Structure formats: C-alpha cells, structure tokens
Protein chains: 2
Amino acid sequence: MLHSGGKRLTKQRQLALDVLQESAEHLDAEAVYARAKARDPKISIATIYRTLALLKEAGLVEENRLGEEHAHFEATRSTPHYHFTCLRCGRVIEFDTPQVQEAIQSFCTREKIQLVSVQLLLSGYCALCRREEE
Amino acid sequence: MLHSGGKRLTKQRQLALDVLQESAEHLDAEAVYARAKARDPKISIATIYRTLALLKEAGLVEENRLGEEHAHFEATRSTPHYHFTCLRCGRVIEFDTPQVQEAIQSFCTREKIQLVSVQLLLSGYCALCRREEE
DNA sequence: TTACCTGCAAAGGGTTTGCACTTTG
DNA sequence: CAAAGTGCAAACCCTTTGCAGGTAA
C-alpha cells in the first residue's frame with residue numbers, strides 16, 4: 001500500500017498509524033505526537049505532520065476539521081460517516097445515512113465528478129447542552 | 001439584527017457585508033479586504049476579520065473551508081447548499097438536495113440536537129480535470 | 001549503496017490581540 | 001459622554017521546510 005510509490009514503511013510511520021488505529025477518538029496532530037512520543041521519545045512533530053499527509057494520501061487516514069478548529073485525524077474505516085460537533089461541550093457524534101450517500105452519488109454522476117473525499121460536518125448544541133428558547 | 005446585542009452598524013461592517021452580498025464567489029478574508037479597501041482605503045484587515053466573525057455570529061455570513069485551504073465566506077442565502085471543490089483546477093460547484101436536508105433533519109431530531117450549521121464538502125476531480133484510470 | 005526519511009530549529013501564513021485613538025448611539 | 005469599534009503592529013498557533021545526519025531496501 002505504501003510501497004507503491006517507493007515509500008518506505010519506517011517505524012515512525014507504522015507508529016503513527018498504530019496510534020490512530022488504536023484510538024476511538026479523533027486526534028489532532030499534537031495528540032498523535034504525544035501518544036507516539038510515549039513509545040518513541042525521539043519522534044518529532046515534523047515527522048508526525050509529514051506522516052499524516054502521507055497516510056492521508058495513501059487513503060489510510062482521513063482528515064477533518066471538527067468545530068472550527070485545527071485539523072483532526074482518524075484511521076479510515078470501511079463505512080463512510082459524518083460528524084456533529086457540539087459548540088458548547090465539544091462532544092462529537094458520528095452518524096451515517098444511506099440517503100446522503102445516494103444524494104452525493106447522484107450529484108457526482110450527473111456532474112461527471114470523480115469523488116475523492118466527503119466531509120459532512122454539523123455543528124450546534126447536543127441534547128445536554130441545548131438551551132431551550134430563552 | 002446586529003443591534004440586538006448592542007452592536008453598532010458601522011460603515012466598515014456595512015461595507016464588508018455589501019462586498020459579500022455583491023459577490024457571487026466565495027471570498028477569503030484577503031479578498032474581502034481587497035474589495036473593501038477599494039472603497040474605503042483606511043479599512044484594516046483586522047476589522048475585516050472581526051467583522052466576518054460578527055456577521056457569522058449574526059447569521060448573515062457563512063464560513064466554509066473549501067479545499068483544504070484557509071477560510072472562505074459567503075453571504076447567507078435562503079436555501080442551504082453544499083460544495084464540491086476540484087482538487088486540480090479549484091473550481092467550486094454548488095449543489096443542493098432535499099435528501100441531504102431530510103437525513104440531517106432526522107438525525108437531529110433523533111439526537112435532540114439544536115442545529116446551528118451544516119457544511120457538506122466534496123472534493124475530487126471535475127468533469128474537465130478527471131483522469132480516466134491511467 | 002543510495003534514495004528516502006528523520007530531527008531540529010527556523011520560517012511561514014492565516015488569524016487574533018493589545019493599545020491608544022475614533023466613532024456611534 | 002460612555003461604550004463600542006477601528007487601525008496598527010506585534011503576537012499567536014498550527015503547519016511546513018531547509019538542512020545535515022540517519023536508515024530502509
């Protein structure tokens with residue numbers, strides 16, 4: 001998979017991928033760095049960024065911008081899914097619906113688009129944080 | 001609308017909103033600044049950023065991150081719409097589908113979510129830029 | 001062996017902020 | 001007149017890059 005482009009599978013790259021695949025959450029570069037560093041104290045944040053870009057290009061990792069913040073990453077999963085972020089507590093809820101898939105599919109067919117990535121991000125207030133009309 | 005929170009309607013704010021409402025494209029802060037500056041040479045980029053944040057909060061302007069780049073802004077329109085960005089030529093195609101709306105609606109109802117914003121961003125290659133399997 | 005990769009530290013670029021001055025309401 | 005907003009320039013923060021020394025294949 002990585003080898004296709006003359007890319008090497010170094011221990012740093014394996015480590016970054018492991019960190020993401022073992023995590024249920026969406027980690028930002030700093031968080032991946034922290035977890036990787038716990039197992040390889042020599043690893044640098046520059047390598048983390050370079051590796052994340054590489055893994056993303058290889059399709060092994062997806063980048064999304066939750067909230068309005070900086071980038072977050074997660075290991076690619078078999079089924080596509082979308083995100084909701086609570087503006088108050090920061091909780092992220094994932095969801096998936098075939099309707100969205102179908103709508104996107106038909107748009108791409110109609111426009112002759114070759115789809116590479118899909119990001120659907122909702123934001124607002126979750127059940128616990130919402131304020132009823134005050 | 002702005003007045004609700006003791007906010008003032010200054011000429012700079014009006015100008016920034018005008019710029020966005022008159023533009024068909026998605027402008028980034030720098031572009032809004034350039035166009036505003038043409039009419040008010042004294043305006044500063046800091047005011048543009050502060051104003052964009054304010055207008056967004058007021059619901060008059062929407063922010064989206066097209067491509068993977070920095071923020072772009074557009075005046076809020078009556079109907080929600082989504083974006084596709086071509087990774088090669090940068091072209092942005094807008095689209096809308098009730099299916100997506102419905103799916104989002106039902107997710108929010110189920111999760112008791114108070115929705116504030118929706119961003120659906122597709123990326124890939126447009127009809128003109130796609131490379132058939134090489 | 002040799003292209004590719006890493007760590008370090010410095011640079012980059014979009015965005016935000018502190019402060020003194022101006023303006024709106 | 002008081003509170004809010006502006007312009008300027010410096011600060012910020014996430015991310016990228018140049019380079020000299022390592023390392024996978």
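By convention in this document, chain letters (A, B, ...) are assigned in the order of the sequence lines, proteins followed by strands, and residues within each chain are numbered from 1. Computed from heavy atoms alone, side chains included, the values below leave out hydrogens, waters and symmetry copies. Values in this document were obtained by computation on a predicted structure and should not be read as measured data.
Side-chain atoms of A:Arg8 and base atoms of C:dC4 include a donor and an acceptor less than 3.5 Å apart.
Taking atom CG of A:Leu54 as the reference point, atom C1' of D:dA24 lies 14 Å away to the nearest angstrom. Going from atom CD1 of A:Ile43 over to atom P of C:dC8 covers 11 Å, rounded to whole Å. Between the CZ atom of B:Arg50 and the P atom of C:dG14 there is a distance of 19 Å, rounded to whole Å. Separating the NZ atom of B:Lys42 from the P atom of C:dT23 is a distance of 11 Å, rounded to the nearest angstrom. Across the protein-nucleic acid pair, A:Lys7 atom NZ and D:dA24 atom P stand 17 Å apart, rounded to whole Å. The interatomic distance linking A:Tyr49 (OH) with D:dT17 (P) rounds to 13 Å, in whole Å. Atom-to-atom, OH of B:Tyr33 to P of D:dT6 comes out at 14 Å; the value is rounded to the nearest Å. One interatomic measurement links the two molecules: CZ of B:Arg65 to C1' of D:dT15, which rounds to 13 Å at whole-angstrom precision.
Taking only side-chain nitrogens and oxygens, A:Thr10 never comes nearer than 4.0 Å to OP1 or OP2 of C:dC4. Note on B:Gln12: a side-chain N or O is less than 4.0 Å away from OP1 or OP2 of D:dG7.
Looking at heavy-atom distances under 4.0 Å, B:Glu30 makes no contact with the nucleic acid at all.
For A:Arg50 and A:Glu57, the salt-bridge test fails: no basic side-chain N is under 4.0 Å from an acidic carboxylate O. Electrostatic pairing of B:Lys37 and B:Glu30 does not count as a salt bridge here, judged by no charged N lying under 4.0 Å from a carboxylate O. A salt bridge is defined here as a Lys NZ or Arg NE, NH1 or NH2 lying under 4.0 Å from an Asp or Glu carboxylate O, and A:Arg39 with A:Glu22 meets this definition.
Looking at the side chain of A:Arg13, the nearest of the listed nucleotides C:dG14, C:dT6, D:dA25 is C:dT6. Among the nucleotides C:dG14, D:dT15, C:dG7, the one closest to any side-chain atom of B:His70 is C:dG14.
Nearest-nucleotide positions on DNA chain C place A:Ala46 closer to the 5' end than the other of B:Phe73 and A:Ala46. Ranked by how close their nearest DNA chain C nucleotide is to the 5' end, A:Ser44 and B:Ala71 are led by A:Ser44.
Closest heavy-atom contact between A:Ser123 and A:Leu87: CB-CD2, 3.9 Å.
When A:Glu62, A:Glu63, A:His83 are each tested for a side chain to side chain contact (heavy atoms under 4.5 Å, CB included) with A:His26, only one passes: A:His83.
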